[in-house]
Amino acid sequence: MAGKYKSRNKSIAEQVASMRKKYPQFTVSFSSPSSMKVIGMLQPTSRSISYQFILKYNLTDYPKTKIISPTLHKNSKGEEIPHIYTGEKLCLYQPKYFEFNRKDFLCDTIIPWTSLWLYYYEIWHLTGVWLGGGEHPKKLNLF
Amino acid sequence: MITLENKATQIDDLLDKMAEEVQLDATRYERMKNSYEAVKNWVEADELFFKPYKYDVYPHGSVRIQTSVRPIGKDEFDLDIVIHLMSQTPHTPQKIYSELNRRLGENEIYRKMMELKNRCIRLNYSGDFHMDILPGVQETEYNQNKIKVPDRELGYWVSSNPRGYSEWFMGKANLVKESLLEKAMRAENLPANRFQDKKPLQRSVQLIKRYRDIYFQKDDTYKASSIILTTLAGQFYQGEESIFETVDNIITTTYSKVNEPYGRLKIVNPVNPAEDFTDKWDSEPGYYEAFKQFASHLFNEWQKLKNLQGLLEEGDIMKGLFGEDIFIKAQTNQTMLIEQLRKENALGVSRNTGILSSLSSVGAAGIKTNTFFGE
């Protein structure tokens, strides 16, 4: 049953195959039998530049996406880029809502979300506001 | 919904939204209309002079052709209206002017708002708009647009044709059957009402006037007048479908004309070629010099917009040309519509490029709901 296929965890081989099928222009490779790497270009709007990204994924960790070029930068007011983890990894989804889980294909989730993230990143530069919504981790008040 | 896969519609949508930010709003237009109807009624009820005559009262200028722009730092619009005496009267235009002055002065409220100008009487609706009332007498029976208006400095009357000018301009604006934005809306089966009443030429005039206000903000000694900008835009317009191309054609033609080796650019009244709107450019050459620099600057910036790659550089240029505030508002509005699509799960992403598009586009894949997280 199709539903059954949909609802089971995907192997790295399945992730690699689906990524190659949907985005044949990306460079998709196995880093080990249980991990993979994708390098490609994404352009969020027709008036935007193209950004090169790298996506690394292994079955025991969250997928990690980084923009390789051009370098992401603070806005003209010197404010830090929103929705980014240390190491410049993009915060694309809220882990506690399982918006991505091992049953999902990366090509249907992480890739479009990266494009969306880039769009809101550009709009943040233009308007000074992150218009894509989202959540921020609660800061612990130690005092 | 204008989505992001087409370069030309994306920028036109933004230009359109910027013009919308500076234009006359519908509620104020209603107030203007009520105000000039009230003036009309007051004048018509005048037993001493006006009552026996037949009139028409109508707006002319930017309100009539829908190219009004809110001035920077003020929230006041200009409203030009004509009190047009229909049939020939035995009176001179000067007589009409002084009778209008008397009649308005008899009204407690109008008396406090009045200001006498060379050809018209101004009523100041403080903080809202000012109404310039031009009294005129129809020149001939057969031409219903031409009127004689008083010129107090000349001590004589001059010929004017404000309604004819509006007809000329609207004829130019309607050279295009369906604009790029209208087409884009139709392609997505969405009602295009919003664009039907504003053609690319009207939008371009609004944007060029707004650019003029920004450009001459620090020093307005030689500020280019709206009538010159509106007329040259109408004259050079070729029926382009997009706002971007319309501005491009107008500014390219202007740039090449002001850089011709001899003579100068002349802008005459299209409905009265004897009237040169730019005659001041001879007596005070500083105006022409300033105009040349103003035109060259817009031309150069537009070339950059044509050649640039990247939203960020483009945004910087547009902020410089039209003002940061209206750019941010327009960009935010555009993004909020995209955000709406995203919430409705109607946003897709192109598999070739990653460009965001509507889900109905060919080759677009859907986007699962996500919540951006992190610092």
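Letters A, B, ... are given to chains in the order of the sequence lines, protein chains preceding strands, and every chain is numbered from 1. Just so you know, these numbers come straight off a predicted model, no measurement behind them.
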- [ ] Output yes when Glu79(A) and Lys74(A) qualify as a salt bridge under the 4.0 Å nitrogen-oxygen rule, no when they do not.
- [x] no

TODO: Pick one of side chain, backbone, both or neither for Lys329(B), based on which atoms fall under 4.5 Å of a heavy atom in chain A.
DONE: neither

TODO: May I ask you to check whether Asn300(B) and Ser296(B) show a side-chain donor-acceptor distance below 3.5 Å?
DONE: no

- [ ] Heavy atoms only, distances under 4.5 angstrom: which of Ile11(B), Val349(B), Leu311(B), Asn352(B) has the most pairs with chain A? Name it, please.
- [x] Leu311(B)

Task: salt_bridge(Glu314(B), Lys7(B)) N-O dist < 4.0 Å - done: no

- [ ] Would you tell me whether Gln15(A) and Arg102(A) have side-chain atoms, one donor and one acceptor, within less than 3.5 Å of each other?
- [x] no

Task: Donor + acceptor pair across side chains of Gln340(B), Glu344(B) (<3.5 Å) - done: yes

TODO: Could you tell me which portion of Leu14(B) (side chain, backbone, both or neither) has an atom closer than 4.5 angstrom to a non-hydrogen atom of chain A?
DONE: neither

TODO: Assess the side chains of Glu240(B) and Asn249(B): does a donor N or O sit below 3.5 Å from an acceptor N or O?
DONE: yes

Task: Close side-chain approach of Leu321(B) to Leu207(B), heavy-atom, < 4.5 Å - done: no

TODO: Enumerate by number any residue of residues 22-37 of chain A whose heavy atoms lie under 4.5 Å from heavy atoms of chain B; in the absence of such residues, state 'none'.
DONE: Lys22(A), Tyr23(A), Gln25(A)

Task: Distance-only polar pair, side chains of Thr114(A) and Tyr51(A), donor-acceptor under 3.5 Å - done: no

Open item on the list: So if I take each residue of residues 59-67 of chain A and look for any heavy atom under 4.5 Å from a heavy atom in chain B, which residues do I end up with?
Closed with: none

Task: Best-contacting candidate, Ile328(B), Ile355(B), Ile367(B), against chain A by heavy atom pairs under 4.5 angstrom - done: Ile355(B)

- [ ] Examine whether an atom of Glu339(B) lies under 4.5 Å from a heavy atom of chain A, and if so say whether it belongs to the side chain, the backbone or both; otherwise answer neither.
- [x] both

Task: Any donor-acceptor N or O pair under 3.5 Å, side chains Tyr255(B), Gln303(B) - done: no

Task: Contacting region of Met318(B) [heavy-atom separation from chain A under 4.5 Å] - done: neither

